[in-house]
Structure formats: structure tokens, C-alpha cells
Amino acid sequence: MDANTLYENLKRIQQAKGYYFSQDRAHVMGLMEALLLNKERYGYMVCPCRLASGDREADKDIICPCVYREPDVREYGSCYCNLYVSRAWNEGTIPHEYVPERRPPEKMMF
Amino acid sequence: MTSEPIKIFSLSTCSHCKSTKKFLDECTIQYEFVDVDLLAGDERKAILEDVRKFNPKCSFPTIIIGEKVIVGFKENEIKEALGL
């Protein structure tokens, strides 16, 4: 599968759930490539912006879309990676603030 | 403009880390970086201990400019720390 196919597949599914891809296409395609790379490296699409442990069970909260997407998009209008955003984020009616890491540090298993 | 050492703890797949490096490159500013996801075993553990000292959340990028620690690609904070 290549980045464009992944983009089209995910777009359809996720938009139906109310999650839009950021309009920054280059940024989004970079993340599509990174998700495919992580799938190859770890066997699952772990978040490109977080350090994976390689243990699927330990990483299950950060397999994209991560469990933090819903509260992050609700609070900031964007997920941690600025991959999935709200309509307001894309329309520029809310500020593009930095989304801090919501994942509890103790979840990181090393 | 600052002459203080700049170090970035990053991930090779992280978009914010790439943006940080691109920004510094465009400003022709020298920096060191470590892509932690490309490390393994004891080396990775040691580097993570370092990251935690600066950033208990252990998130990326963690950017060290002299004494200042900036977590995330916060362009304005980075510019300020660089004296730009």
C-alpha cells in the first residue's frame, strides 16, 4: 500500500466519524509515509510522533488513531500530530495551538 | 544570535521534529540531534534517562538551547531562545 492509498482509505472512514485530515497536505502525506514505515518496523501503525516500545500491548493506546485523539481534538481542535483535526481547525476559526502530550509518562515502557 | 549549543532529542518519524530541524536549517543554525527511535538497548535507555532529566514527559522533540528546554515545535519560543 502506498501513502496515497492509505490517505484515501483513512479519509473516507475517519471523515464519517467527524475527524478530518489537516489541510496541510505535505504534512499529512509525511505522516502517511511514517505510519506505513512504522507498520513495517513494528507490525502496527504506531503514532509517528511518539516513541514506540515495539510491544503491541504496551503501545495499544498510541496505535493510530490513538486514544488521545478524541480529547485532543475536542480541546485543541487537533490530535497530537496535527494529522486529524476538527472542521474549525481547517477553517481557521480557532487558533492552531501546540497540542501537549496527553499520554501519561508511566505508560512508556523501556 | 545565540552561540549556545543546541541539541534536539527527536524521532525520525515525527513531523514536529522534522519541522524543528527544517526551521533551524533554514536559519543556518548548527545543532546536534539524536533520533531516539533509531537507537536500541542500553544506548536507548541511557539517552531516555537524559531526555527525562530535561522533559519528564519524555515527549519529542525535546530541544535544548543552552540552559533553556523547549518541548515541541514552538517556533516563537525557539526564536526567542535563539535571540532571533
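Here the CZ-OG distance, from A:R103 to B:S59, works out to 11.5 Å after rounding to the nearest 0.5 Å. Here B:L48 contributes atom CG and A:M108 contributes atom CE; the two are 8.5 Å apart, rounded to the nearest 0.5 Å. How far OG1 of B:T13 is from CG of A:L51: 8.5 Å, rounded to the nearest 0.5 Å.
With sequence neighbours left out, the ring pair (Phe, Tyr, Trp, His ring centres under 6.0 Å) criterion links A:Y7 to A:F21.
Nearest heavy-atom pair across B:R44 and A:A52 is NH1-O, 3.2 Å. Contact record, B:F73 with A:Y98: N-CE1, 4.4 Å, taken as the closest heavy-atom pair. For the pair B:L11 and A:P48, the tightest heavy-atom approach, listed with the atom from each and the gap, is CD1-O, 4.0 Å.
Under a 3.5 Å cut-off, the side chain of B:H16 and the backbone N or O of A:Y80 do form a donor-acceptor pair. At least one donor-acceptor pair under 3.5 Å links the side chain of B:K57 to the backbone N or O of A:E101.
For B:S10, no part lies near chain A; criterion is any non-hydrogen pair under 4.5 Å. Residue contact with chain A, scored on non-hydrogen atoms closer than 4.5 Å, is absent for B:L39. Of the atoms belonging to B:P56, it is backbone heavy atoms, and not side-chain ones, that fall under 4.5 Å from chain A.
In this structure, B:I78 is a member of the same hydrophobic cluster as B:Y31, with clusters built from ILVMFWY side-chain heavy atoms closer than 4.5 Å. The cluster map of Ile, Leu, Val, Met, Phe, Trp and Tyr, joined by side-chain heavy atoms under 4.5 Å apart, puts B:V34 and B:V69 in the same cluster. One hydrophobic cluster, built from ILVMFWY side chains closer than 4.5 Å, holds both B:L84 and B:I70.
Annotation: B:E80, atom CD; neighbour count of heavy atoms from other residues, nucleotides and ligands within 6.0 Å does not exceed 12. Under a cut-off of 6.0 angstrom, the local environment of CZ in A:R41 is crowded, with over 12 non-hydrogen atoms contributed by other residues, nucleotides or ligands. Heavy-atom contacts from other residues, nucleotides or ligands closer than 6.0 Å to CG of A:D2 number more than 12.
The closest side-chain heavy-atom distance from B:S15 to A:C49 is below 4.5 Å.
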